[in-house]
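Report on the structure given below.
Below, each value reflects all heavy atoms present in this structure, side chains not excepted, and no hydrogens, waters or symmetry copies. By convention in this document, chain letters (A, B, ...) are assigned in the order of the sequence lines, proteins followed by strands, and residues within each chain are numbered from 1. Please read these numbers as outputs of a predicted model, since none were measured by experiment.
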2 protein chains.
Amino acid sequence: MKEISNAELSVLNILWQDAPLGANEVVEALASSQGMHEKTVKTLLNRLVKKQALGYEKEGRAYRYYPLIDQSEYQLKESQSFVERVFAGKVAPLVAGFAKQKQLSPEDIAELKALIDNWEEEQSS
Amino acid sequence: MKEISNAELSVLNILWQDAPLGANEVVEALASSQGMHEKTVKTLLNRLVKKQALGYEKEGRAYRYYPLIDQSEYQLKESQSFVERVFAGKVAPLVAGFAKQKQLSPEDIAELKALIDNWEEEQSS
DNA sequence: TAATTAAGATTACACTTGTAATCAAAAGCG
DNA sequence: CGCTTTTGATTACAAGTGTAATCTTAATTA
């Protein structure tokens, strides 16, 4: 699988949220949220199809696009390479950064606690 | 500050660990760890200087390079934009991914627990 | 049916990036 | 003092990226 660029990821994010969508719906979303030009979005859709990150079904003469790659998989792979590159593979310092900036929400904390509990349980068992 | 590319980051990582270093020392490190060619490393050093990410002091006719940007700052900024792009701003799902893959080390867990304790303390106070 | 519009396909284009090779000048060697 | 080596500077070059504009063809409208 070819690399997904940042701009392309914006498109994927839309379609991971809701798919299949017609080009104009994607355009709509990205135009309003990021001021992206219609032509630009069309280009990105094209490139993603070429990269086999998107598929489509025809509806009349238009297409309805949907992701061919799994979001969780993508997230995991990206996370790993990110933590590897930027934090030499260590996860905690990343979270620590957010914590120091007080950018952890109560939900984040709750989830993290649950994760840890779960992890410890698995260890002891 | 211009963007730092992946290859450039490798150079910075070396210099964040130990600086100032002569070009050959950086070359040495990256040649062995990533099989990077000397010429390539020199190019990267140059580009980083141009981007004002590195400074240098002359030692004879050679240079000794050192970072001009702070690692923690860089890490924080990158983390934020990464989590924003890939996880719609939510930190916990990122960690959850690692947890599921059992890629959290006991050290990670310990640090995370400490973080959370600390966070909760600050909340209650 | 002729003209306009809309959709995807193709083309454009400057900038960045990875990966080096070549150039120029200084320093050391014989 | 010339020649070789070393070091940074400059140049190279294809692939990827962001950002569109133009082209082609089919559908819609007057």
Under a 3.5 Å distance rule, please check whether B:W16 uses its side chain to pair with a backbone N or O of B:S72 as donor and acceptor.
no
Can you tell me if B:Q103 and A:Q80 form a side-chain donor-acceptor pair at under 3.5 Å?
yes
It should be established whether [X] places a side-chain nitrogen or oxygen under 4.0 Å from OP1 or OP2 of nucleotide [N].
X: B:S5; N: C:dG18; answer: yes
X: A:T40; N: D:dA20; answer: yes
X: B:H37; N: C:dG18; answer: no

In sequence, state the C-alpha distance, the side-chain angles, and the governing distance for B:K51 and B:E8, and then conclude on salt bridge (Lys or Arg N to Asp or Glu O under 4.0 Å).
CA-CA 10 Å; B:K51 288 184 181 182; B:E8 287 161 1; 2.7 Å; yes
N/O donor-acceptor pair, side chain A:R47 with base D:dG16, under 3.5 angstrom:
no
5'-most by nearest nucleotide on DNA chain D - A:I4 or A:G35:
A:I4
Hey, is B:R64 close enough to B:E25 for a salt bridge, meaning N to O under 4.0 Å?
yes
Are A:E38 and A:K42 close enough for a salt bridge, meaning some N to O gap below 4.0 Å?
yes
Quick one: bend of the helix from C:dT1-D:dA30 to C:dG30-D:dC1 from 5 pairs per end, to 10°?
20°
Hey, does B:K51 reach any base, or is it just sugar-phosphate, or nothing, if we go heavy atoms under 4.0 Å?
sugar-phosphate
Nucleotide N/O to protein N/O under 3.5 Å, stretch nucleotides 1-7 of chain C:
unit_1 : atom_1 : unit_2 : atom_2 : d
C:dA6  : N3     : A:R61  : NH1    : 3.1
C:dA7  : OP1    : A:N24  : ND2    : 3.3

